[in-house]
Amino acid sequence: MSPRYQSLKGFRDMLPEESLRWQWLEGKVRELMRRYGYGQLRLPLVESTELFARGVGEGTDVVSKEMYSFLDKGDPPESITLRPELTAGAARAWVQHEIGKNQGLTKWYYVGPAFRYEQPQSGRYRQFTTFGVELIGSPLPEADAEVILAGVDLIESLGIRNYRLRLNTLGMPEERTAYRAALLEFLNTRRNQLSQESLRRMESNPLRVLDSKKEEDVAATADAPKILDFLAHESLAHFNRVQGLLDGAGVPYVVDHKLVRGLDYYTRTAFEFQGLDLGAQDALGGGGRYDGLIEQIGGPATPAVGFGFGMDRLMIAAQAAGAIPDQQADLQVFVVGLGDAARDWAMQTTRAFRQAGIAADCDLLGRSMKAQMREANRRNARYVVIAGDNELAAGKAQVKDMQGHDQQEVELTELLNVVAARKQ
Ligand code: HAM
């Protein structure tokens, strides 16, 4: 019989064993960000719906189809939205706190949940966790390169080898407008070859047609015009310099003219890290430059660049690479008290171990000695400390080494010192 209540479709529970793997992953992210000098940002889970509509773009799938939006209880009610991504919120916070007044360059990162109403499948959930960075204030290609290199270093530090970095430029808005018109004209000549979905997309966002993985679309757009032919000198020079910096760092990448990204705010550089072991949902992370977003949401014109990774997908890829160390919640000591007085002593001693920084536990179920030993084994305890009422009266306890299997009689007053000295 299935339980009456289950987590909603696309939402998952993380049980403690899995949480250990997440802590490992989050530790890698924190360590990377320490080395790169990014400060952690913690944003609200909800923002005004309008922020995403303006920031991410009304025509995007994320805004038009995938947002969890609802009216709050205000009078009049306000439409608010569970964040589908964190860049808009980061830009909002940057403007709200006038960060640009005091520092020329802002380096922020965040880790946290985002929500999109998508069809769940492997690697795609309705609540997922993103790790992102936002580097705000620099128009230079060096900033793009730093962000991309941080992504490369993250992937490498997780032991993921089977991936590809795809790079493109989307030009500045006026360049993209000209390209969009040319692309639309081209797509119109291919109408009878395109999928139904692409025909629909053509109307709202023709660039997304290039993104389609459907065979007929890929074939129909093979000789589509390229944005590179619509770029003015400055955008071209920017793109070339980003590539030069990646070459200089020895980072392999492919320039992919069909990489367009699903959010409207990008200008110039766009990139994606593709996991080659991931199946259909193969974007490990992606990002790019977004020089217009901050002004778009009411702040001063400010250049910025960033990325977002799907932590859930990084986890899948790191596991596939066999890179995640065996995680065990390490119990150092299990304290066994046999007899009424000894039970009190076991609780006090367990607490004393804990206060001394040693992971310790004792029985809370009134179990027999044999069952307690079994529990100590199941918990992988390194030591078991055992005493009965008589031993306690004599001021002694036994310390059993569960790995070496030797047993030693120890004065109670020495117990902490003996275990602490043997702590592996
Ligand atoms: P995005 O490409 O929409 O970019 O999402 C970033 C990453 O989140 C994706 O590459 C993917 O790994 C993961 N992701 C997206 N949707 C799901 C889902 N339903 N389930 C699991 N993982 C998912 C952004 O969100 C931008 N804010 C990135 C950025 C930051 N650009 C500049 N700064």
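Just so you know, these numbers use all the heavy atoms, side chains as well, and skip hydrogens, waters and symmetry mates. Atoms within a ligand are numbered from 1 in the order they appear, just like the ligands themselves.
Cation-pi check for Arg164 over Phe273 is not met; the charged atom does not lie both under 6.0 angstrom from the ring centroid and within 45 degrees of its normal. Within the cation-pi definition used here (under 6.0 Å to the ring centroid, within 45° of the axis), Arg126 qualifies as a partner of Tyr117.
No donor-acceptor contact under 3.5 angstrom links the side chains of Thr302 and Glu295, judged on distance only. In summary, the side chains of Glu175 and Ser235 do present a donor paired with an acceptor at a separation below 3.5 Å, with no hydrogens or angles considered. In summary, the side chains of Glu85 and Tyr265 do present a donor paired with an acceptor at a separation below 3.5 Å, with no hydrogens or angles considered. Gln281 and Tyr125 share no side-chain donor-acceptor pair at under 3.5 Å. Side-chain atoms of Asp229 and Tyr179 include no donor-acceptor pair closer than 3.5 Å.
Taking the ring centroids of Phe334 and Tyr383, they lie at or beyond the 6.0 Å cut-off.
The ligand atoms of ligand 1 that sit less than 4.0 angstrom from a heavy atom of Gly287 are 31 (N). The distance from ligand 1 to the heavy atoms of Tyr266 drops below 4.0 Å at these ligand atoms: 26 (C), 28 (C), 29 (C), 31 (N), 32 (C). Those atoms of ligand 1 that come under 4.0 Å of a heavy atom in Gly285, given as number and element, are 10 (O). For ligand 1 and Gly308, the ligand atoms under 4.0 Å from any heavy atom of the residue are 6 (C), 7 (C), 28 (C), 29 (C), 30 (C). Listed by atom number, the atoms of ligand 1 under 4.0 Å from Glu134 heavy atoms are 30 (C), 32 (C), 33 (N). Applying the 4.0 Å criterion to heavy atoms of Gly123 picks out, from ligand 1, the atoms 20 (N), 21 (C), 22 (N). For ligand 1, the atoms sitting less than 4.0 Å from at least one non-hydrogen atom of Leu263 are 3 (O), 4 (O), 24 (C), 25 (O), 26 (C), numbered in the order shown with element in parentheses. Listed by number with element, the atoms of ligand 1 under 4.0 angstrom from any heavy atom of Leu284 are 10 (O), 12 (O).
Remark: ligand 1 and Gly310 share an N or O pair separated by less than 3.5 Å (distance only, no angle test). By the 3.5 Å distance cut-off applied to N or O atoms, Thr87 is counted among the residues near ligand 1. Residue-to-ligand polar distances place Ala283 within reach of ligand 1: an N/O pair is separated by less than 3.5 Å. Of the N or O atoms in Asp312, none lie within a sub-3.5 Å distance of an N or O in ligand 1. Checked against a 3.5 angstrom limit, the closest N/O atoms of Tyr110 and ligand 1 fall outside it.
At the shortest separation from atom 25 (O) of ligand 1 among protein heavy atoms lies Arg116 NH2, 3.2 Å. In this structure, atom 20 (N) of ligand 1 lies nearest to the protein heavy atom Tyr125 N, 3.0 Å. When hydrogens are left out, the protein atom nearest atom 26 (C) of ligand 1 is Tyr265 OH, 3.3 Å; that is the closest non-hydrogen contact. At the top of the distance list for atom 18 (C) of ligand 1, counting protein heavy atoms only, stands Phe128 CD2, 3.4 Å. Atom 1 (P) of ligand 1 has its closest protein heavy atom at Arg261 NH2, 3.6 Å.
Sorted by first and then second residue, the pairs that involve residues 42-57 and meet salt bridge (Lys or Arg N to Asp or Glu O under 4.0 Å), not counting sequence neighbours, are Glu47-Arg92.
Counting heavy atoms from C-beta on, the side chains of Trp94 and Trp108 come closer than 4.5 Å.
Remark: distances from the non-hydrogen atoms of Gly286 to ligand 1 include one below 4.0 Å. The closest approach between any non-hydrogen atom of Phe273 and ligand 1 is not below 4.0 Å. Not a single heavy atom of Ala114 sits closer than 4.0 Å to an atom of ligand 1.
Just one of Ile358, Leu331, Asp401 meets the side chain to side chain contact (heavy atoms under 4.5 Å, CB included) condition when paired with Arg382; it is Asp401. The ring-ring contact (aromatic ring centres under 6.0 Å, His included) with Phe131 is formed by just one residue from the set Tyr38, Tyr110, Phe307; it is Phe307. Screening Lys213, Lys214, Arg208 against Asp211 for a salt bridge (Lys or Arg N to Asp or Glu O under 4.0 Å) leaves a single residue, Arg208.
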